[in-house]
Structures are given as structure tokens and as C-alpha cells.
Amino acid sequence: MKIFFDGGWRPATGMETAVVVHGRDYVRQGLGPGSAMDAEWLALLHAVELAADLGLQEAVFLGDSLAVVGQASGTVRCPSDHMHHRQALAALRPGSGRLRIRHVKRSQNLAGVALARLHER
């Protein structure tokens with residue numbers, strides 16, 4: 001099962017996330033202040049929570065942030081200011097092994113498309 005995730009940050013509204021599963025988008029807005037990187041991490045955490053809520057065992061998480069994909073998969077050092085995100089991710093996946101996460105181009109990220117559509121209205 002493919003689960004797409006993306007985070008965004010806007011000056012007026014703060015952080016937002018989108019997750020797309022089975023063609024359905026799940027959007028959270030007004031998540032408060034933070035950075036674009038914080039928003040990407042929150043999107044991944046949102047995706048993992050949603051997968052658990054939907055009972056999806058064999059999920060592959062697809063995001064367009066190389067930094068978050070690398071940090072979450074352990075191939076890139078996680079800076080101390082984002083270590084709390086990585087710890088939260090580990091807490092969400094107790095005993096489930098390595099996270100299956102892959103990078104996709106921004107144009108292929110269905111969650112990014114969902115966020116863009118949100119602001120076209």
C-alpha cells in the first residue's frame with residue numbers, strides 16, 4: 001500500500017500536512033508555527049498514525065523531502081533540532097522494524113498535489 005505525505009508552511013496559517021491513502025486525502029491545517037522541515041516531519045508522523053488507524057501493515061511511505069526521508073530511514077544524520085520527530089516516529093512504530101519510506105519527485109507526490117489544490121480555492 002502506497003501512502004503519500006507532504007508538509008507545508010505558510011506565513012499566514014503556519015504548518016499544514018496532507019496524506020493520501022487509497023486516493024483519499026487527509027489534510028490538517030493551522031498546526032501552528034514551525035519550519036517547513038517541521039511540517040514535513042509532521043506529515044510523515046500523520047501518515048504513520050493514519051496507517052495504524054486504518055490497520056495497514058504493509059505500507060510504503062512516499063514523500064518528496066530528501067532530508068526527512070533520509071533522516072527517518074536512518075541513512076542521513078538527524079540534526080538535534082529534529083531528533084524529537086525521529087523519537088516520535090520510533091514511538092509510533094514499536095517493534096515494527098525498519099520504516100519503508102521512499103523519495104518521490106514533487107510532481108509525483110499526490111499529497112503535495114492535495115496541498116496545492118487546497119490553496120487554489
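Only a predicted model underlies this, so the values are computations on that prediction, with no experimental measurement involved.
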inquiry  = Any heavy-atom pair between the side chains of Leu44 and Val48 that's under 4.5 Å?
reply    = yes

task = Can you see which heavy atom on Val20 is nearest to which on Ala114, and at what distance?
result = CG2-CB, 4.4 Å

query = Rounded to the nearest 0.5 Å, how far apart are CG of Leu50 and CG of Leu45?
reply = 12.5 Å

message = Looking at Glu49 and Arg28, is there a salt bridge between them, counting it only when a charged N and a carboxylate O are closer than 4.0 Å?
response = yes

request  = Of all the heavy-atom pairs spanning Ala59 and Arg100, show the shortest one and how long it is.
outcome  = O-CB, 3.7 Å

request  = Taking all heavy atoms of Met15 and all of Ser35, pick out the closest pair and write down the distance.
outcome  = SD-O, 3.8 Å

Atom pair CG/CD of Asp64 and Glu40 - distance to nearest 0.5 Å = 5.5 Å

ask   = Between Asp6 (side chain) and Val19 (backbone), is there a donor-acceptor pair under 3.5 Å?
value = no

remark   = Result for side-chain hydrogen bond (donor to acceptor under 3.5 Å, both in side chains) between Trp41 and one of Gln71, His85, His84 points to Gln71

message = If I compare all heavy atoms of Leu115 with all of Gly7, which pair ends up nearest, and what's the gap?
response = CD1-C, 3.9 Å

request  = Work out which heavy atom in Ile3 is nearest to a heavy atom in Ala51; give both atom names and the distance.
outcome  = CD1-CB, 3.6 Å

ask   = Rounded to the nearest 0.5 Å, what separation is found between the CZ atom of Phe5 and the CD1 atom of Ile101?
value = 4.0 Å

ask   = So, Trp9 and Glu16: side-chain donor and acceptor under 3.5 Å apart, yes or no?
value = no

inquiry  = I need the minimum non-hydrogen distance between Ala43 and Ala18, along with the two atoms involved.
reply    = CB-O, 4.5 Å

inquiry  = Just verifying a value: how many Å separate Tyr26 OH and His46 NE2, rounded to the nearest 0.5 Å?
reply    = 8.5 Å

